[in-house]
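Notes to accompany the following structure.
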Amino acid sequence: MAKSNKIFTNTLRLLALAATVVAIVFMVTSHDSAQVLNLTFTAKYSNTPAFKYLVIGEAIAGGYTVISIILSFKGLFWRLIVILDMVTTVLLTSSISAALAIAQVGKKGNTHAGWLPICGQVPDFCDYVTIALIAGFAAAIIYFVLLLCSLYVVLSPIFVATP
């Protein structure tokens, strides 16, 4: 693998790591309370399994990113890294999709199910969740680009024309 390609992929990995850390921090610190009819309810990420899944998925991706940066200096691990990049991309995509679905219900509600939107009552919670979702989406996009770069590095020798 060329040195410039290693620098590019490691820079992307560092950006992905930053995005996962931002997503985790904002999701874990998202909480707000509201009073409705003399009842206080608290909205926090741990009340929703999809938000917990997002935090776990981002944490796994962040941990893998650190390991992959260390292993990227070893030439033998590139095929394994391609497979794990694909798994990480799928994990991030599925966790962000689940969290986005729940966030949409929180923001808009669901009139067919009788679920009311909550973002009017707990705006700080929704703002933090929105930032976490944006960061998580950025991490998923960066990992998709990393996957494409990794596939190119592994598959390019196969498609080289021999005279």
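Since we're looking at a predicted model, the values are computed, not measured. Because only heavy atoms are used, hydrogens play no part in the values below, and waters and symmetry mates are left out as well, while side chains stay in.
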Next item on the list: Please check if the side chain of Ser30 supplies one atom and the backbone of Tyr128 the other of a donor-acceptor pair under 3.5 Å.
Entry: no
Check: Just by distance, do the side chain of Asn47 and the backbone of Thr42 share a donor-acceptor pair under 3.5 Å?
Finding: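 Indeed, once roles are kept as given, a pair shorter than 3.5 Å links the two residues.
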Side chains of [X] and [Y] in contact at under 4.5 Å (non-hydrogen atoms):
X      : Y      : answer
Glu58  : Leu54  : yes
Pro123 : Asp32  : yes
Phe8   : Cys149 : yes
Asp85  : Arg13  : yes
Phe41  : Gln121 : yes

Next item on the list: Each residue besides Val105 in its hydrophobic cluster should be listed here, by chain and number; the cluster joins Ile, Leu, Val, Met, Phe, Trp and Tyr at side-chain heavy-atom distances under 4.5 Å.
Entry: Trp115
Identify the two heavy atoms, one from [X] and one from [Y], that lie closest to each other, and give their separation to 0.1 Å.
X      : Y      : value
Phe137 : Ile96  : N-CD1, 3.7 Å
Ser68  : Tyr143 : OG-OH, 4.4 Å
Tyr45  : Met27  : CB-O, 3.3 Å
Ala50  : Ala98  : CB-O, 3.7 Å
Ile24  : Val55  : CG1-O, 4.1 Å
Ala61  : Leu92  : CB-CD2, 3.7 Å

To the nearest 0.5 Å, tell me how far [X] [atom1] sits from [Y] [atom2].
X      : Y      : atom1 : atom2 : result
Leu147 : Thr9   : CG    : OG1   : 12.5 Å
Phe144 : Thr88  : CZ    : OG1   : 14.5 Å
Leu15  : Ile141 : CG    : CD1   : 12.5 Å
Thr111 : Leu116 : OG1   : CG    : 10.0 Å
Phe51  : Ile102 : CZ    : CD1   : 7.0 Å
Leu84  : Ile60  : CG    : CD1   : 12.0 Å

Next item on the list: Take Phe26 and Leu133, measure what side-chain contact (heavy atoms from CB on, under 4.5 Å) needs, and give me the verdict at the end.
Entry: CA-CA 9 Å; Phe26 274 90; Leu133 291 174; over 6 Å; no
Check: How about Tyr53 and Ser94: does a side-chain donor come under 3.5 Å of a side-chain acceptor?
Finding: yes
Margin query: Let me check something: do Leu100 and Val129 share a hydrophobic cluster, defined by ILVMFWY side-chain heavy atoms less than 4.5 Å apart, either directly or through other members?
Written below: yes
Check: Are Ile67 and Ile142 connected in a single hydrophobic cluster, I mean Ile/Leu/Val/Met/Phe/Trp/Tyr linked by side-chain heavy atoms less than 4.5 Å apart?
Finding: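 Linked, Ile142 and Ile67 end up in one cluster.
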Checklist line | Qualifying residues under side-chain contact (heavy atoms from CB on, under 4.5 Å), relative to Leu17, sequence neighbours excluded | finding: Thr20, Val21, Thr65, Val66
